[in-house]
There are 4 protein chains.
Amino acid sequence: MSPRTPAQFEKLRTRRREQILKVAAEIFIQKGYHAANVSDVAQKAGVSQGTIYHYFPDKENLFLAVYESWEIRNLQSELRDALENAATPTEQLGLLAQMVAKRMEQAKDILPAYTEFWSHIHRNKAIKIGFQNMFKDMRGILARIIRNGIDKNEFVNTEPMTMAAILIAVFDGLILQWIADPKQVKWENIADTLTQVILTGLSANK
Amino acid sequence: MSPRTPAQFEKLRTRRREQILKVAAEIFIQKGYHAANVSDVAQKAGVSQGTIYHYFPDKENLFLAVYESWEIRNLQSELRDALENAATPTEQLGLLAQMVAKRMEQAKDILPAYTEFWSHIHRNKAIKIGFQNMFKDMRGILARIIRNGIDKNEFVNTEPMTMAAILIAVFDGLILQWIADPKQVKWENIADTLTQVILTGLSANK
Amino acid sequence: MSPRTPAQFEKLRTRRREQILKVAAEIFIQKGYHAANVSDVAQKAGVSQGTIYHYFPDKENLFLAVYESWEIRNLQSELRDALENAATPTEQLGLLAQMVAKRMEQAKDILPAYTEFWSHIHRNKAIKIGFQNMFKDMRGILARIIRNGIDKNEFVNTEPMTMAAILIAVFDGLILQWIADPKQVKWENIADTLTQVILTGLSANK
Amino acid sequence: MSPRTPAQFEKLRTRRREQILKVAAEIFIQKGYHAANVSDVAQKAGVSQGTIYHYFPDKENLFLAVYESWEIRNLQSELRDALENAATPTEQLGLLAQMVAKRMEQAKDILPAYTEFWSHIHRNKAIKIGFQNMFKDMRGILARIIRNGIDKNEFVNTEPMTMAAILIAVFDGLILQWIADPKQVKWENIADTLTQVILTGLSANK
DNA sequence: TATGAATGAGTTTTCATTCAT
DNA sequence: AATGAATGAAAACTCATTCAT
């Protein structure tokens, strides 16, 4: 009865939504939530402002959608892979450090988004929960490796959760230093140094 | 008409300025730069909006002044103290970890400010430079300890700067996790675990 | 391709039109002209927005069509009936009061529409004329009864038109009080009191 | 300390507020709530839009303020006066009819406001309550006169509240007819006819 | 110097209407 | 005829900043 089938409409909607979302991500990350205008997004996406509101109820939800699409691209899947592609906990941690560092090197364009989203932790419940879950998941994954290593006598006896938190912190903290001054953070050195120190310690007297 | 001496005036101005700054800090950190209104600050500081503009040229400079006053309270001085109050590089690092962790415990009220300032790194040159210098200073201080430790054969041979960056990163990253979910970060465990691992390594086979 | 005859098409159109009109009436009365959205009407009527515009040139004409369908259901026909079903002017007025009061009791769901349409008297010519004609007709009908009563010496000599206007006013005014506070207007008492007072007067000294 | 004293500011505020309110009343009544724009009000009042929002939190509250200032000018005080300036209930009612009719004649410019405010009864709680209270008060005042008349044997025994409601309704209903077609309502005839009929009844057979 | 009224540019949001399919 | 995506003009509201007093 309709000349465009519902499926056609659906496809149209999906395409447009993604088009808007992509542009919105760029602008939000470049300018920050408040300085970014819906009209900027509309213009750069080549649609009218009304169209934006056809796809997203308001600016905040557009931002949230950007956050969600960004969140998906995060590291958890990679962490899980590392678990499976290495035999011993020691190797697992080493591989992990390498992977994450390499990932950072590649993903330079999305790193600036971190500070933007971080700054919404206080103000946006969904984002807060997103970060809480992400951290929780990642700590869980790492803590399991560490506990496993302790059980197998590969690692000394530390609090696995605290240790996991520290490992995650290293990368987030480095992202911050990289954002402040990209030249000063050499991801290619990080993995090695980190592996060396974490696994064998700084101490030379063994 | 007024019996006030110029010096008294000056003192009055200073006091008022600090009064405004204190309130501005609270509001900026609580609401974020954009959501914070000059009128809010004025009201909470008990002055008129116009008065704010007698003390600060505009909102951005008010924010910058808040940033600067916040920056001062940061860790560098403490780091320097640690250098002097410990004999060996090993002890220095251990003391450092303890001090910083204890400091975090106390400074819970200013931690939320981190994300706000971080998010301005991209957008504000002064803040970017502030962070760059702070990171540079801290890396320098830590790198010197590490290099010293290597020279004294207390530490294995690592890239001091990279190692320094990692150490700093740990704390910034933990601040982030703490902000996302304070209950999940136990500062009191951090120092021990960190000292243990950094100094002796995770590896049990020594 | 379609086996539908023109007549069937016509019936379909009529049905759809009425369907839209019914829903539009509900929404316009519930929300008022401006707060009611064409998209609301479309959604609730189960058609697309575009379809509304196949049946009505624009929102104003849709509203007008609602007004017209509402106007038709009004009292004039009943008034005419009352004229025929009572013998004397006195009885006619009495019957009238009873009928109208009973009608109000039943028509509670359309009473809220009154204020909405009233408020368009200033702004919409068609509605203004509609009300003018309705009032004129009703005053005419009542004035004829009254004049008849005066001629037959059943009534004292009053200005029939003014008296007619007053009688009509009573009901409109009561509708308003009912809308403001339904519990405070007891339609079942109205007819009696009205008949008693209008016909015999409040004065006890006769 | 301030060159303008608080009292001066207060006077300024009051004056401006009234200036805005007056213009807003005109525009709201002329165009209706929705069709009236805040920018129209600002322009006609010779201030900026921002100034409007300096004095009223939003459009709705501006409208409400208009309603309240309009409500004050209503009839209750006059009704009370009538109570005191007439000796017997019969005279009281007669005087009342005269006063109200005369008032209508004078207040032609505010009558169009009625339909606008009426139409907000459903949508605005404050206005609903305003009307409820106004009707309640007026019914109370009239019912007391009527009850008094019954007690003194001046009036026949009717339900005072119902009778009061009817009397009030007459005027509201006539306002409506007047709004629809001013030429058709002759306020100068109303009082006489009303007094005659209400007090002595239409019936000629006494 | 302090005040707070006033500004007006800038932003988000809404929605009747159009139109390609 | 029917669909619903797209439009864009219009509207409410905000707020940093100015300035007369």
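Computed from a predicted structure; not experimentally measured. Order of the sequence lines sets the chain letters (A, B, ...), proteins ahead of strands, with each chain counted from 1.
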side-chain N/O Tyr53(B) vs dT17(F) OP1/OP2, d < 4.0 Å: yes
Do any side-chain nitrogens or oxygens of Ser48(A) fall under 4.0 Å of OP1 or OP2 in dT7(F)?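 Affirmative; the distance criterion is met.
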Considering every strand shown, what is the Watson-Crick or G-U wobble mate of dA12(F) when both distances are under 3.5 Å?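 Base-paired to dT11(E).
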Complement of dT21(F), any strand, by Watson-Crick or G-U distances under 3.5 angstrom: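 When the pairing criteria are applied, dA2(E) turns out to be the nucleotide that pairs with dT21(F).
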Atom [atom1] of [X] and atom [atom2] of [N]: how far apart are they, to the nearest Å?
{"X": "Phe56(C)", "N": "dT17(E)", "atom1": "CZ", "atom2": "P", "result": "13 Å"}
{"X": "Gln49(B)", "N": "dT14(F)", "atom1": "CD", "atom2": "C1'", "result": "12 Å"}
{"X": "Tyr55(A)", "N": "dA6(F)", "atom1": "OH", "atom2": "C1'", "result": "8 Å"}
{"X": "Arg15(A)", "N": "dA6(F)", "atom1": "CZ", "atom2": "C1'", "result": "15 Å"}
{"X": "His34(B)", "N": "dC15(F)", "atom1": "NE2", "atom2": "P", "result": "11 Å"}
{"X": "Gln8(D)", "N": "dA2(E)", "atom1": "CD", "atom2": "C1'", "result": "14 Å"}
{"X": "Gln43(C)", "N": "dA16(E)", "atom1": "CD", "atom2": "P", "result": "13 Å"}
{"X": "Leu62(C)", "N": "dT17(E)", "atom1": "CG", "atom2": "P", "result": "10 Å"}

Can you label the angle between the Tyr114(C) ring and the Trp70(C) ring as parallel, tilted or perpendicular, going by 30° and 60°?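 Ring orientation, 0 to 90° scale: perpendicular.
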Tell me whether the rings of Tyr67(D) and Phe117(D) are parallel (<30°), tilted (30 to 60°) or perpendicular (>60°). perpendicular
Sorted by position of nearest nucleotide on DNA chain F, 5' first, the leading residue of Gly46(A) and Pro57(B) is Gly46(A)
Both Ala36(B) and Val47(A) contact DNA chain F. Which one's nearest nucleotide lies toward the 5' end?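 With Ala36(B) and Val47(A) compared, the 5'-side residue is Val47(A).
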Between Glu10(D) and Val38(A), name the one whose nearest nucleotide on DNA chain E is closer to the 5' end.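 The residue whose closest nucleotide sits nearer the 5' end is Glu10(D).
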5′-ward residue of the pair Thr51(A)/Thr51(B) relative to DNA chain E: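 Looking at DNA chain E, the more 5' nearest nucleotide goes with Thr51(B).
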Under 3.5 Å donor-acceptor pair, His54(B) side-chain atoms to dA2(E) base atoms: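 Check passes, donor-acceptor contact within cut-off.
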Checking Arg13(B) against Tyr55(B): charged group under 6.0 Å from the ring centre and within 45 degrees of the axis? yes
Test: Lys59(B) cationic atom under 6.0 Å from Tyr33(B) six-membered ring centre, within 45° of axis: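 Pair Lys59(B)/Tyr33(B) counts as cation-pi.
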Taking the minimum atom-to-atom distance to the side chain of Arg16(A), which one of dA6(F), dT17(E), dA12(F) wins? dA6(F)
Heavy atoms from C-beta onward define the side chain here; which of dT12(E), dG4(F), dA12(F) lies closest to that of Phe9(A)?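 Minimum distance to the Phe9(A) side chain belongs to dG4(F).
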Look only at the side chain of Gln43(A) and the backbone of Asp40(A), and say whether a donor-acceptor pair between them is shorter than 3.5 Å.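 Here the side-chain-to-backbone pair does not exist.
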